[in-house]
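So you know, we letter chains A, B, ... as the sequences are listed, proteins then strands, and number each from 1.
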Number of protein chains: 4
Amino acid sequence: MILQRIKSEGLAHNSYFLASGNEAIVIDPRRDCQVYLDLAEKYGNVIMHVFETHCNEDYLSGSIELENLTGADIYHGPGLEWKFGNTLADGEEFRLGKIRIRALHTPGHTDESTSFIVYDSVSGSQPVMVFTGDTLFVNEVGRTDLCGPGEAQRLAANLFESIFGRLLPLGDGVIVLPAHGAGSVCGASIGDREETSLGIERLLNPALQARNKEDFIKRKIAERMEKPPYFDNMARDNREGPPLLGYMPVPVPLMPNDFRYEVQKAETVLVDASAPAAFGGAHIKGSYNLALPILPIYAGWVLPYDAPLLLVLQDPSHLDQVARHLLRVGYDNITGYLKGGVESWYNTGLPVEHLPVLTVQELRVLIESRSPMTVLDVRTQAEWEQGRIEGAMHKFVGHLKEGVEDIPARIPVATTCSVGNRASLAASILLQENSRDVYNVLGSMKAWTAAGYPVVKDPVAVSR
Amino acid sequence: MILQRIKSEGLAHNSYFLASGNEAIVIDPRRDCQVYLDLAEKYGNVIMHVFETHCNEDYLSGSIELENLTGADIYHGPGLEWKFGNTLADGEEFRLGKIRIRALHTPGHTDESTSFIVYDSVSGSQPVMVFTGDTLFVNEVGRTDLCGPGEAQRLAANLFESIFGRLLPLGDGVIVLPAHGAGSVCGASIGDREETSLGIERLLNPALQARNKEDFIKRKIAERMEKPPYFDNMARDNREGPPLLGYMPVPVPLMPNDFRYEVQKAETVLVDASAPAAFGGAHIKGSYNLALPILPIYAGWVLPYDAPLLLVLQDPSHLDQVARHLLRVGYDNITGYLKGGVESWYNTGLPVEHLPVLTVQELRVLIESRSPMTVLDVRTQAEWEQGRIEGAMHKFVGHLKEGVEDIPARIPVATTCSVGNRASLAASILLQENSRDVYNVLGSMKAWTAAGYPVVKDPVAVSR
Amino acid sequence: MILQRIKSEGLAHNSYFLASGNEAIVIDPRRDCQVYLDLAEKYGNVIMHVFETHCNEDYLSGSIELENLTGADIYHGPGLEWKFGNTLADGEEFRLGKIRIRALHTPGHTDESTSFIVYDSVSGSQPVMVFTGDTLFVNEVGRTDLCGPGEAQRLAANLFESIFGRLLPLGDGVIVLPAHGAGSVCGASIGDREETSLGIERLLNPALQARNKEDFIKRKIAERMEKPPYFDNMARDNREGPPLLGYMPVPVPLMPNDFRYEVQKAETVLVDASAPAAFGGAHIKGSYNLALPILPIYAGWVLPYDAPLLLVLQDPSHLDQVARHLLRVGYDNITGYLKGGVESWYNTGLPVEHLPVLTVQELRVLIESRSPMTVLDVRTQAEWEQGRIEGAMHKFVGHLKEGVEDIPARIPVATTCSVGNRASLAASILLQENSRDVYNVLGSMKAWTAAGYPVVKDPVAVSR
Amino acid sequence: MILQRIKSEGLAHNSYFLASGNEAIVIDPRRDCQVYLDLAEKYGNVIMHVFETHCNEDYLSGSIELENLTGADIYHGPGLEWKFGNTLADGEEFRLGKIRIRALHTPGHTDESTSFIVYDSVSGSQPVMVFTGDTLFVNEVGRTDLCGPGEAQRLAANLFESIFGRLLPLGDGVIVLPAHGAGSVCGASIGDREETSLGIERLLNPALQARNKEDFIKRKIAERMEKPPYFDNMARDNREGPPLLGYMPVPVPLMPNDFRYEVQKAETVLVDASAPAAFGGAHIKGSYNLALPILPIYAGWVLPYDAPLLLVLQDPSHLDQVARHLLRVGYDNITGYLKGGVESWYNTGLPVEHLPVLTVQELRVLIESRSPMTVLDVRTQAEWEQGRIEGAMHKFVGHLKEGVEDIPARIPVATTCSVGNRASLAASILLQENSRDVYNVLGSMKAWTAAGYPVVKDPVAVSR
């Protein structure tokens with residue numbers, strides 16, 4: 001038996017390659033799916049089936065990509081009108097060499113959510129592993145808010161039944177293989193450990209410590225998480241079948257003058273994937289600053305799907321990562337990237353813009369000097385409620401574009417978030433209005449707290 | 001938390017790299033230890049400690065190699081007079097970033113055998129993983145026969161207490177990380193799945209289904225496993241500290257005439273790592289045929305530690321593997337390898353020898369023709385007892401060199417084993433006596449059985 | 001300026017990647033063309049153009065593959081009715097960053113053969129490099145016999161003019177970058193050095209030492225080279241455009257019983273890529289033995305293009321190589337490969353066949369014993385004329401299938417070639433007739449000569 | 001014959017691996033010499049000899065490192081009192097498989113400078129290649145100023161004789177393999193093409209267009225190049241034998257608080273390898289900014305050899321590069337690097353410092369506003385003389401530390417160089433004095449010129 005976890009950084013998405021004999025399956029493949037073909041070649045396997053634990057919202061599925069390249073059959077759970085692949089019945093079984101796989105319908109995160117139990121025929125008839133999709137994570141359970149507030153209660157109740165009534169009875173020893181790890185937006189706070197079992201989760205997973213079903217549902221409904229606008233696109237495409245790529249496209253390099261030619265087109269959108277300090281030093285006017293750690297998750301909040309994208313990279317080695325991150329969330333519209341980065345741009349005599357950065361020490365001095373300034377906190381509602389700088393204003397970065405007019409004009413703005421990446425994205429959005437005097441706070445609340453500066457929690461400030 | 005399993009093929013040895021923050025530990029490192037340095041560099045860790053689950057018998061430890069390169073401290077369990085490193089007390093704890101590690105003395109395989117429990121401080125105070133060394137494997141438990149028959153009963157009793165009294169109480173959910181996988185000679189029949197937990201083993205591990213302690217001990221004592229002569233060297237070196245390498249040496253290529261010059265030296269030993277069919281077609285007179293799958297485990301049965309070794313490879317890509325296999329079991333005495341393989345040798349006009357091969361179909365015809373022939377089965381005693389070709393003679397390949405005179409002279413010999421690799425080694429040993437008429441049976445018992453030919457089991461034939 | 005030589009082993013084909021600024025060109029791309037995309041990504045280039053030095057005969061061009069993936073324009077020389085791409089005029093120029101490239105029509109090998117001169121604008125107006133295609137190699141010049149005997153004289157005259165009248169006048173210092181290296185069948189004896197210049201070739205290339213044009217033509221016409229039957233297919237496809245792949249297919253692994261199912265189909269062809277000694281020990285009945293070193297060049301002599309191919313590999317690491325070799329010469333019809341190799345086959349109890357091998361020492365004893373035996377030399381006519389074993393019969397391996405009846409029946413046959421690979425292919429063809437008693441001579445003429453055994457040259461034996 | 005060029009980026013140093021049969025040599029190895037062992041393993045070669053074309057000044061030789069690992073013999077040219085290896089006589093010859101190598105004493109760059117002519121025995125008795133060390137480059141010849149002004153005339157005369165009297169007579173076709181490529185400080189302006197021959201250089205190399213010996217010498221003496229202070233250390237160590245490493249050390253990761261602990265030690269030196277814009281945004285107080293492109297060449301101008309170094313990297317992927325760059329120029333004193341980069345530092349609440357950057361557009365506005373400001377040009381004398389911003393002050397960055405008091409105090413300083421990397425290093429030096437108001441000009445003279453802003457050349461401004 002060969003089991004390989006394939007992690008997509010940023011999205012913190014796990015897919016799995018499971019093989020026995022000359023057969024293999026893939027669970028929840030990503031769109032850039034050469035990795036599965038490479039594993040199949042390395043281990044001498046034919047990819048027979050693709051299993052999807054649910055209709056994903058946070059990335060495009062690679063199922064039909066893999067079907068196209070290998071002829072594998074696609075299977076997904078009941079309760080959704082899929083436009084491709086085969087719909088499973090609860091309890092349906094598959095054989096794969098010496099392995100038996102059984103579909104276990106575990107609705108809750110979504111109605112069609114399905115887990116896959118693995119039995120090792122060599123060892124015996126007890127289950128040994130279960131692929132839990134977005135139903136059960138390390139230290140966390142799946143979100144139940146993605147189908148809208150009207151469905152949350154029903155889904156939370158289903159999730160409770162799926163976990164307590166269907167998964168945990170498989171036995172404490174069963175290894176749990178979830179679809180996401182730490183950093184994913186598909187769970188509020190997934191643990192950074194990768195190895196777990198039903199027994200560990202039963203004992204240590206905070207969500208599983210609920211006193212009873214009501215308590216569990218109450219906690220789930222109290223969760224405040226953001227739902228990016230692109231989630232609906234992903235869910236629709238994953239139900240109907242995402243556009244076929246055929247192979248992994250690589251953005252083309254553009255020399256500064258050719259890049260400028262493209263930049264000047266009205267519909268073009270500039271994406272600068274530099275870290276905030278570098279973006280602050282020099283960037284091309286009009287860029288969105290999507291630093292690598294936030295690119296996969298925040299691109300979908302701010303970038304249009306129909307406009308040509310132009311990329312600026314801090315390091316040429318980032319090209320592959322950035323291209324994959326965008327591809328996985330459906331951005332197939334990349335015109336090219338700036339060869340030589342922003343250095344080649346300004347070396348050609350072309351103008352750049354700055355975004356001044358502040359340390360938390362400098363921010364504190366400014367706040368204490370009482371000079372007029374808006375401290376704009378762009379974290380999520382949930383983070384904001386955990387503690388904030390006194391006097392700060394809140395607007396989640398994902399909603400900033402539509403709410404720029406809420407930010408007081410003609411007063412300098414200092415943006416903050418958790419460590420400064422989203423704050424820099426927010427600042428880059430504000431900079432797109434010429435008249436702003438904007439600063440980004442490096443390290444933001446993490447540094448502020450670490451430096452021992454005061455944080456207020458109550459009364460809850462109203463978020464705009 | 002980062003956990004990586006490093007597998008050494010052939011020995012089926014698992015070592016582990018575990019990291020949190022900028023710190024890492026290595027459990028049971030192998031001697032060619034660049035792999036741990038590479039992981040530390042990749043993940044940005046300092047290797048702080050090396051933990052040994054026990055004094056290994058089947059390979060040389062890389063502990064002092066790693067100490068030498070990184071300054072890490074070495075720790076091993078109580079109950080043995082170690083000549084290097086630090087001896088742990090039961091219950092001793094270490095912190096590693098957000099991880100807590102606790103030594104759990106689990107004697108049985110050996111007296112100093114120690115497991116290491118991992119607690120994830122982020123999740124809570126329950127254990128999440130345990131490195132079980134040679135105490136508990138997938139589907140199997142450790143051997144208790146290596147300290148001699150006089151100790152087996154006592155060790156089996158200890159092993160029972162360690163597993164049932166110390167490991168299983170940690171909880172069914174705890175992930176088990178053993179020191180060996182399928183194919184190792186450190187357990188009679190380890191499963192080929194890599195993922196397991198205490199709960200899975202409690203339910204499915206055959207050895208853990210013993211009715212009680214007496215039953216457990218009885219089963220352990222009834223085990224018949226071979227103990228290679230080099231195990232004592234390894235155990236001694238691993239207690240006293242194996243010779244330091246400093247870096248991974250690569251055997252030098254020798255042109256055919258230079259190779260012949262070395263071959264002609266009296267003390268030189270020739271090792272041909274080709275598959276049996278290729279070895280049969282052409283090999284240099286006097287070679288031991290140690291095909292890749294048996295090389296790591298059987299080298300120690302037949303190759304002297306003090307003679308210069310010369311290598312013949314079937315494919316140039318095998319060099320790294322063969323060199324590592326030999327290094328791990330302490331063969332630091334490799335003079336070089338034949339550049340271009342046996343093809344370059346015979347292309348130079350130098351003579352080669354054949355070892356005719358038989359299919360099981362041909363063997364059966366020969367047996368039925370009743371022409372005089374010794375079918376020599378060279379498997380272990382335990383395999384032999386599982387079933388054999390009627391009329392076959394048994395001598396384990398590891399004892400063949402000392403017992404060649406037992407094989408009837410002047411009658412053709414057809415060697416068999418499980419699939420033909422050890423049979424080819426046995427045939428190559430017999431060929432070193434000029435007068436033999438020897439055949440190797442491709443596929444051996446596996447093919448014989450698959451072809452549906454008869455196998456006898458009782459009365460138990462006497463092994464010589 | 002970035003220049004990379006991409007070598008396709010076996011065919012000894014060179015393609016080139018040349019870049020300046022963000023632009024690149026590829027000269028004579030092969031069909032598995034991911035390598036050029038990877039270089040373009042690594043160096044940050046857009047592949048603008050594909051240049052073909054001529055319509056290749058020995059492999060399928062990757063031009064339209066690359067055009068399909070990158071949008072690059074294809075250019076080839078005048079004098080042929082191309083069905084795709086653009087036809088160049090002599091002297092046509094291209095700019096690529098700081099490089100200037102000029103097409104130089106150099107007919108001779110074929111009518112459309114064109115060289116490409118490179119000027120480095122930074123250094124000055126003298127040429128610095130020239131891509132010579134199959135016009136000029138290291139130590140050799142292109143063949144002029146591929147368009148048939150009626151054209152050879154005219155082409156040889158053209159080749160003389162192209163080399164002496166067009167290439168050499170560029171200047172001794174100009175670096176020469178040919179389309180083939182040592183081992184190619186596109187030149188009689190290409191040198192194994194890769195670096196050369198017009199000056200080195202002028203002084204050292206044997207073909208360029210001709211006293212005058214007549215002498216040059218005479219030598220060319222006297223050349224005796226084999227032209228594989230598949231050359232015509234390649235030339236046709238390369239003129240009309242080979243079938244598009246889109247991506248590199250990987251043969252699927254088949255378990256022994258599934259493989260047997262396929263083997264039993266009447267039209268299936270078995271290809272065993274093992275070395276002769278291993279093939280001799282065990283192979284599946286009916287296989288062609290195409291050892292790796294001869295596979296790329298001899299596949300086209302013996303394998304049909306319309307039958308499904310099944311592969312047996314000596315080592316799993318050979319899969320990629322074998323698949324590419326076959327793909328490059330147009331075999332898109334691979335059903336799969338035997339997982340686990342011939343070992344898995346015979347371990348399943350399935351029967352194998354042997355091909356006994358002889359050393360040259362054994363051959364000599366047999367010859368001297370005067371027992372009836374045909375020594376069958378299967379080298380090319382040119383090799384045969386260089387020297388042979390007295391009494392041997394000659395039939396080139398490429399013509400053996402059609403001429404099996406010429407080989408005396410009921411007498412044992414010992415096949416020989418240069419080192420034994422083609423002899424083993426020949427033997428595998430003879431074995432397909434059940435009644436044959438066939439031996440392959442390991443090392444063949446190379447070993448025979450190295451062992452100091454006698455070789456005869458005159459009178460020239462008649463080849464059948 | 002196998003020839004591989006191994007390029008060390010930054011230093012633009014070329015070493016070469018040349019092999020024939022099972023033997024290989026290495027020419028001018030670098031200190032991190034695993035690359036040569038890997039090539040030897042890949043191609044199946046024993047490294048027999050190490051040839052040094054001269055006693056290098058710009059990096060530490062890896063000769064004794066390689067001798068230590070392989071037992072290879074070291075050879076260098078006559079005219080220097082070497083403390084290790086063997087001294088060659090002019091004309092001494094070596095055989096390597098089918099290659100013949102001949103030492104050709106070519107003094108000029110230094111007295112012991114020696115070229116190595118390669119003859120390919122297969123092709124004939126004419127030379128085919130020559131390793132020219134620092135004697136002859138693409139488009140350039142070696143420096144003759146490194147032994148001091150008193151020796152320059154004599155060395156230039158020797159260089160003329162070596163090139164015109166010894167190298168060029170080998171023949172136009174001979175391939176030239178120099179020890180440096182574009183970007184090296186060992187030649188004033190080496191071309192970026194890698195392929196060349198004696199014929200190309202004879203025609204296109206500007207230095208070889210001298211009318212006669214006097215003209216050649218005059219031009220050489222007029223050259224104005226900087227000689228880093230560490231060159232003398234390198235030359236001494238390379239004559240006496242650099243300290244042995246044994247293996248490639250990897251700097252250890254330090255968490256922010258541990259890093260701070262080290263930073264606070266008085267003798268510690270901080271090296272920040274970020275690009276100028278990122279360094280400008282946030283860096284740790286007291287850092288030297290040595291961006292990757294200038295690190296290999298400028299480290300030796302500013303970093304002490306006896307102080308512990310601490311590294312800050314812009315991207316974790318830069319670690320290997322930075323560590324190698326420093327190792328190659330003899331910095332064996334690296335304490336560690338900051339894990340997580342400057343982000344982890346400020347996220348921990350630790351303070352950072354800014355270095356404001358200016359675009360050339362902003363600089364021009366400032367200059368035209370006539371507000372008090374020193375434009376400090378830190379390029380070399382030769383670059384300065386090619387054109388400068390009117391009113392700028394000149395001080396070469398390598399001499400800035402000793403001449404800080406020359407820079408007018410209390411007036412803002414804007415540093416410029418060619419593209420901004422050395423300007424940022426200069427600014428980081430000035431920032432180490434607390435009182436300075438310093439700006440770095442992104443793109444510097446390259447951007448200034450590209451933007452079409454005015455440059456003055458005469459009268460030559462006096463450099464301080």
Side-chain angles (χ1 to χ4, degrees), chain C residues 1-5 7 16 18-21 43 97-100 117-131 136-140 167-177 181-182 189-209, chain D residues 1-5 7 16 18-21 43 97-100 117-131 136-140 167-177 181-182 189-209:
Chain C
M1 185 191 302
I2 292 160
L3 174 70
Q4 296 276 316
R5 185 195 315 259
K7 293 187 279 184
Y16 297 91
L18 179 70
S20 181
Y43 293 116
K98 295 181 181 164
I99 297 173
R100 186 160 53 94
I117 314 171
V118 179
Y119 300 84
D120 176 358
S121 314
V122 179
S123 299
S125 61
Q126 299 287 334
V128 295
M129 301 194 273
V130 62
F131 297 99
L136 179 60
F137 303 119
V138 172
N139 284 3
E140 186 52 275
L167 285 172
L168 292 186
L170 296 174
D172 271 4
V174 173
I175 308 286
V176 173
L177 301 161
S189 58
I190 302 179
D192 86 332
R193 180 171 27 92
E194 294 185 338
E195 295 72 22
T196 196
S197 65
L198 290 174
I200 294 173
E201 294 312 313
R202 189 176 56 78
L203 290 169
L204 298 177
N205 190 316
L208 271 55
Q209 310 313 312
Chain D
M1 187 190 301
I2 292 160
L3 174 71
Q4 295 277 315
R5 185 193 317 259
K7 292 189 279 185
Y16 297 91
L18 179 70
S20 181
Y43 292 116
K98 295 181 181 164
I99 297 174
R100 186 160 52 95
I117 313 170
V118 179
Y119 300 84
D120 176 359
S121 316
V122 178
S123 300
S125 62
Q126 299 287 332
V128 294
M129 301 194 273
V130 62
F131 297 98
L136 179 60
F137 302 120
V138 172
N139 284 4
E140 186 52 276
L167 285 173
L168 293 186
L170 296 175
D172 271 4
V174 173
I175 308 285
V176 172
L177 301 161
S189 57
I190 302 178
D192 87 331
R193 180 171 26 90
E194 295 185 337
E195 294 72 22
T196 197
S197 64
L198 289 174
I200 294 174
E201 294 312 311
R202 189 174 57 77
L203 289 169
L204 297 177
N205 190 316
L208 272 54
Q209 309 314 310

Self-check item: Selection from Leu3(D), Asn205(D), Val138(D) maximising heavy-atom pairs under 4.5 Å formed with chain C
Solution: Leu3(D)

Quiz item: Considering only heavy atoms, which portion of Glu194(D) lies under 4.5 Å from any heavy atom of chain C: side chain, backbone, both, or neither?
Solution: neither

Quiz prompt | From CZ (Arg193(C)) to CG (Asp120(D)), nearest 0.5 Å | solution = 4.5 Å

Exercise. Let me know if Ser20(D) has heavy atoms under 4.5 Å from chain C in its side chain, its backbone, both or neither.
Key: neither

Quiz item: Under a 4.5 Å heavy-atom cutoff, which of Leu203(D), Ile2(D), Asn139(D) has the most pairs with chain C?
Solution: Asn139(D)

Quiz item: So which of Gly124(C), Gly199(C), Ser197(C), Gly171(C) has the biggest tally of heavy-atom pairs under 4.5 Å with chain D?
Solution: Ser197(C)

Quiz item: Would you say Leu204(D) and Val128(C) make side-chain contact, with heavy atoms under 4.5 Å?
Solution: yes

Quiz item: Can you say whether Asp192(C) sits under 4.5 Å from chain D via the side chain, the backbone, both, or neither, judging by heavy atoms?
Solution: both

